[in-house]
Amino acid sequence: MKTVHTIQELRNEVHRQRMAGKRIGFVPTMGNLHAGHITLITEGLKQADIMVSSVFVNPTQFGPGEDFDSYPRTLEADAAKLEAAGCHLLFAPPVTEMYPGDQDKWAKVVVTEITDRHCGAARPGHFDGVSTVVSKLFNIVKPDVALFGKKDFQQLAVIRRMTAALCFDVEIVGVDTVREANGLAMSSRNGYLTEDEKQRGATLYQCLCAAKQEIQQGNHDYSAIAEQANEKLAAAGFAPEYFSVCRADTLEPAGPDDKDLVILAAARMGQARLIDNIDFTL
Ligand code: PAF
């Protein structure tokens, strides 16, 4: 695997592969890689000849007081994991390469409506930062296919909308969440949890599964289901942020006639803010 740090080097490498007729796959990351990221590479290799990944802790998607400074930077270990997974090219730019000068203030990509609720409401400006950096990365890499984890369900929905609305010529693939043995969704931020918190953290997925089961059994009182889940989460030591039964396409609150559903949840445990979800069709 080759590692490059500048946009020009990356473009040269990808151009060479494209001229050789290769299909390019792309997995953007912020590093501190876990099995969930590696699954994205493995899935990508089934759909593309050459896999490109980026490791870039993107400052514009962190709000004031969030963990940009303390976010784990583990480039050497990440490169080793990507190489072992069969990734061909790693793009690891410094912030000055992605946002030279005041460039972060000149322009940004804003996806409307679907960003208003859930994580968008809890983290103002977060999705503007995500869609801006992903647009830049799409323009730099020009992938044929890009893969994102379904754990960040709202992020995936935002990226799908951005890709359609801005006519990016890339196929977006969502990949199922990889979980610890107890059900806790893998996340780079799980490193903020103590062992005891990791055990109790599994309650988030248990609540999602229990809510799905109730809905499948015919309970459409979604606010009561959410209230019940929030009580269970609080009892396990979480500070619940949202637990919401939504339409899977728009992420708006679901009604009793909606069939394609996703339950989105976020809750704080110790130093970590955990998100998870479950999607299903009635
Ligand atoms: O999901 C992430 O790790 C980030 O939000 C992404 C998509 C790499 C953009 O910085």
Side-chain angles (χ1 to χ4, degrees), residues 7 10 25-41 43-44 51-63 66-75 77-79 81-82 85 87 89-99 103-104 108-111 114-115 118-120 122-141 143 145-163 166 168 170-178 185-192 264 266 272-277:
I7 294 171
L10 191 280
F26 179 48
V27 173
T29 82
M30 297 208 301
N32 195 27
L33 303 184
H34 51 70
H37 296 109
I38 299 309
T39 303
L40 298 179
I41 301 288
E43 284 301 313
M51 279 309 296
V52 180
S53 188
S54 58
V55 170
F56 178 63
V57 184
N58 171 37
T60 65
Q61 69 186 77
F62 289 80
E66 290 191 349
D67 57 345
F68 173 69
D69 289 332
S70 58
Y71 199 88
R73 281 138 172 107
T74 54
L75 186 59
D78 293 340
K81 287 180 191 170
L82 288 169
C87 183
L89 187 56
L90 168 59
F91 180 45
V95 173
T96 47
E97 182 70 7
M98 291 299 285
Y99 299 106
Q103 216 186 66
D104 59 320
K108 66 179 172 183
V109 176
V110 179
V111 176
I114 205 159
T115 53
H118 318 299
C119 287
R123 303 181 66 191
H126 167 68
F127 285 119
D128 298 351
V130 171
S131 34
T132 300
V133 80
V134 173
S135 299
K136 286 166 84 88
L137 290 165
F138 280 179
N139 282 328
I140 294 166
V141 179
V145 54
L147 299 96
F148 294 84
K150 278 204 204 172
K151 193 202 62 121
D152 296 296
F153 198 92
Q154 190 175 14
Q155 170 173 279
L156 176 60
V158 168
I159 286 166
R160 283 194 196 285
R161 286 210 166 182
M162 178 195 85
T163 301
L166 301 184
F168 281 110
V170 55
E171 182 190 342
I172 305 297
V173 173
V175 177
D176 285 342
T177 303
V178 178
M186 289 206 184
S187 162
S188 299
R189 288 187 168 101
N190 287 356
Y192 297 151
L264 300 173
R273 177 179 181 274
L274 302 182
I275 58 171
D276 203 350
N277 64 81

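As the structure lists them, so they are numbered: ligands from 1, and atoms in each ligand from 1. Because the structure is predicted, anything quoted here is derived from the model rather than measured.
For N58, no nitrogen or oxygen atom sits less than 3.5 Å from a nitrogen or oxygen atom of ligand 1, counting backbone and side chain alike. When only interatomic distances are considered, the shortest N/O to N/O separation between T29 and ligand 1 does not fall below 3.5 Å.
Residue contact check: V133 has heavy atoms under 4.0 Å from atoms 9 (C), 10 (O) of ligand 1.
For the salt bridge (Lys or Arg N to Asp or Glu O under 4.0 Å) test, no residue two or more places apart in sequence or in another chain qualifies with D78. Remark: F56 engages no residue in a ring-ring contact (aromatic ring centres under 6.0 Å, His included) (not counting sequence neighbours).
Summarising the contacts of atom 9 (C) of ligand 1 with Q61, K136, Q155, M30, the nearest heavy atom is found in Q61.
Between N58 and Y99 the shortest side-chain heavy-atom distance falls below 4.5 Å. Proximity of V57 to V95: side-chain heavy atoms (C-beta onward) are nowhere separated by under 4.5 Å.
At a heavy-atom cutoff of 4.0 Å, ligand 1 is contacted by no atom of I159, backbone or side chain.
A distance-only check finds no donor-acceptor pair linking the side chain of N32 to the backbone of P72 [under 3.5 Å].
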